[in-house]
Protein chains: 2
Amino acid sequence: MIEHLIAHIGKFCTIDPDKLNLLEAFFEHRIYKKKELLLTEGDRCHEKFFVVKGCVHLFYLRQNGMEQTVDFAIENWWVSDFMAFQHSTAAQFSIRAVEKTEVLCITAEHQRKLLKEVPELNEYFHLLFQKAYAAAQMRFRFLYEFSKEELYRHFSQHFPDFMQRVPQYLLASYLGFTPEYLSEIRKKYLS
Amino acid sequence: MIEHLIAHIGKFCTIDPDKLNLLEAFFEHRIYKKKELLLTEGDRCHEKFFVVKGCVHLFYLRQNGMEQTVDFAIENWWVSDFMAFQHSTAAQFSIRAVEKTEVLCITAEHQRKLLKEVPELNEYFHLLFQKAYAAAQMRFRFLYEFSKEELYRHFSQHFPDFMQRVPQYLLASYLGFTPEYLSEIRKKYLS
DNA sequence: CGCGACGTTGATTTGCCTCAACGATTGTGG
DNA sequence: CCACAATCGTTGAGGCAAATCAACGTCGCG
């Protein structure tokens with residue numbers, strides 16, 4: 001399992017293999033069933049997750065009771081409520097497995113110890129979060145630029161395979177519109 | 001100048017003061033006049049900026065020719081097109097001074113050398129980008145949750161002083177609506 | 001088999017945009 | 001220091017994208 005993470009680290013920076021062997025001890029390997037919760041809004045968030053296999057979504061409960069999906073995470077992505085993780089406060093988001101999902105989980109405390117032993121990992125996380133933040137900048141750009149219909153088309157062109165993996169109502173939620181409107185778009189799209 | 005940055009680093013982690021004294025040599029201190037460009041869309045982006053004093057906005061040119069503001073940066077914020085910075089490719093965004101602005105500028109190359117000499121800074125950037133990404137998660141949440149009018153009210157309650165600093169059309173652009181609609185909201189808001 | 005979750009369809013409503021015209025304010029050259 | 005232009009903000013009429021609501025297929029699962 002840990003080799004997936006090590007391979008991922010290798011894409012960003014080179015770290016002494018001996019040090020990388022220390023990694024395993026700090027992580028917990030977990031398997032979540034479809035629809036199981038990794039994190040519940042309101043609970044203290046002291047973990048973050050590296051998705052080895054599967055798919056989860058990050059969401060929160062809206063005023064009107066609907067679950068609003070803010071993000072997905074699939075293979076080789078980290079996911080957590082990072083604000084809550086950084087400050088060890090109550091989570092503002094929940095995380096749920098969309099399908100059976102395998103993760104490597106590390107607590108804030110373990111991460112502190114790990115980074116003390118292998119400070120080189122800070123470079124990995126630096127580059128990783130820089131990339132994630134840059135991706136967020138682009139996502140804002142798309143949100144500004146595109147109509148809902150264009151958002152859907154853009155997304156379906158860029159991630160055609162991913163669309164097969166998640167139910168439409170989650171996709172609609174993520175893209176910021178209603179399942180009804182998604183139906184309408186898809187109908188047009190089939191011609 | 002550099003002491004502002006050093007103070008900011010101190011908020012995230014503790015680094016040997018001797019090492020921090022090395023910092024100055026890697027940065028260039030610059031002053032931009034109001035409306036001057038720090039970065040132009042399409043140019044190669046090999047710099048990032050730490051705002052010491054003033055305010056800039058990050059924007060891109062829409063299909064219809066309008067400038068779409070995606071973000072602001074004020075005192076103690078880093079700003080760049082981080083995607084382009086990370087890969088040293090063409091910028092997808094421009095950056096312009098909203099008012100007279102003082103920055104510390106570092107090139108990608110200098111940063112590489114600096115991080116080799118002071119690898120502890122990777123911890124700073126790790127925490128910094130984690131925080132920035134977490135803030136982006138919250139911003140997505142607001143974008144999903146609020147109507148345009150609520151976005152405006154939320155923003156004006158949280159950053160009343162900032163609203164005085166930027167022209168309304170930039171604010172409208174950032175919040176994702178037209179100056180005309182902003183006028184309409186403000187009229188209601190004055191009762 | 002039957003129930004509940006998911007997807008579709010159509011009628012109606014609305015938040016916000018577009019366009020055009022008009023004040024107000026700022027800045028700039030003579 | 002004024003005149004004029006350009007930029008910025010406001011107002012109103014009309015229109016459209018997308019939401020809401022309600023009702024009805026359909027599929028997977030216990």
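Because the structure is predicted, anything quoted here is derived from the model rather than measured. Numbers restart at 1 for each chain; the letters A, B, ... are given by sequence-line order, proteins then strands.
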Exercise. What is the distance from CG of B/Leu175 to C1' of C/dC17, rounded to the nearest Å?
Worked result: 16 Å
Exercise. Could you write out DNA chain C as a dot-bracket string, with dots for unpaired bases, | for bases paired across to another strand, and Watson-Crick or G-U pairs counted at under 3.5 Å?
Worked result: |||||.||||||||||||||||.|||||||
Problem set entry | Given D/dA18, D/dT20, C/dC17, the nucleotide with the shortest approach to the side chain of A/Thr178 | D/dT20
For this session: Between protein and nucleotides 7-14 of chain C, map the contacts as a letter string: B base, S sugar-phosphate only, - none, heavy atoms under 4.0 Å, written 5' to 3'.
Result: SBBS----
Seminar exercise, completed: A/Glu149 CD to D/dA18 C1', in whole Å, measures 11 Å
Exercise. Roughly how many Å is it from CZ in A/Phe146 to C1' in D/dA17, rounded to a whole number?
Worked result: 17 Å
Exercise. Relative to the ring of B/Phe159, is the ring of B/Phe162 parallel (under 30°), tilted (30 to 60°) or perpendicular (over 60°)?
Worked result: perpendicular
Exercise. Taking NZ from A/Lys148 and C1' from C/dC17, how many angstroms apart are they, rounded to a whole number?
Worked result: 14 Å
Problem set entry | A/Phe140 and B/Phe140: CA distance, side-chain angles, deciding distance, ring-ring contact (aromatic ring centres under 6.0 Å, His included) verdict | CA-CA 8 Å; A/Phe140 284 120; B/Phe140 285 120; 4.2 Å; yes
Exercise. Distance check: side-chain N/O of A/Ser147 vs OP1/OP2 of D/dA17, anything under 4.0 Å?
Worked result: no
For this session: Whole angstrom is fine here: how far is it from CG in A/Leu171 over to C1' in C/dC6?
Result: 14 Å
Problem set entry | By ring pair (Phe, Tyr, Trp, His ring centres under 6.0 Å) - contacts of A/His57 (at least two apart) | A/Phe59
Seminar exercise, completed: Contacts of A/His29 meeting ring pair (Phe, Tyr, Trp, His ring centres under 6.0 Å) (sequence neighbours excluded), chain-then-number -> none
For this session: Check step by step if side chain to side chain contact (heavy atoms under 4.5 Å, CB included) holds for A/Val118 and A/Leu23.
Result: CA-CA 9 Å; A/Val118 192; A/Leu23 276 182; 5.7 Å; no
Problem set entry | Lys/Arg N to Asp/Glu carboxylate O, B/Lys188 vs B/Glu184, below 4.0 Å | no
Exercise. For the rings on A/Phe155 and A/Tyr174, is their centre-to-centre separation under 6.0 Å?
Worked result: yes
Problem set entry | Electrostatic pair B/Glu36:B/Arg30 at N-O distance under 4.0 angstrom | no
For this session: Starting at atom CZ of A/Arg153, determine the distance to atom C1' of D/dA18, rounded to an integer number of angstrom.
Result: 16 Å
Exercise. Could you state the CD-C1' distance from B/Glu67 to D/dT7, rounded to the nearest angstrom?
Worked result: 13 Å
Exercise. How about A/Lys19: does its NZ atom have over 12 heavy atoms from other parts shown lying under 6.0 Å from it?
Worked result: yes
Exercise. Hey, which of A/Arg141, A/Glu145, A/Gln137 is the one that makes side chain to side chain donor-acceptor pair (under 3.5 Å) with B/Tyr60?
Worked result: A/Glu145
Distances under 3.5 Å only, N/O to N/O: pair up the protein atoms with those of nucleotides 22-26 of chain C.
none

For this session: Could you tell me which residues satisfy salt bridge (Lys or Arg N to Asp or Glu O under 4.0 Å) with A/Glu75, sequence neighbours excluded, listed by chain and number?
Result: A/Lys53, A/Arg165
Exercise. Roughly, in whole Å, what's the span from CD in B/Gln63 to P in C/dC17?
Worked result: 18 Å
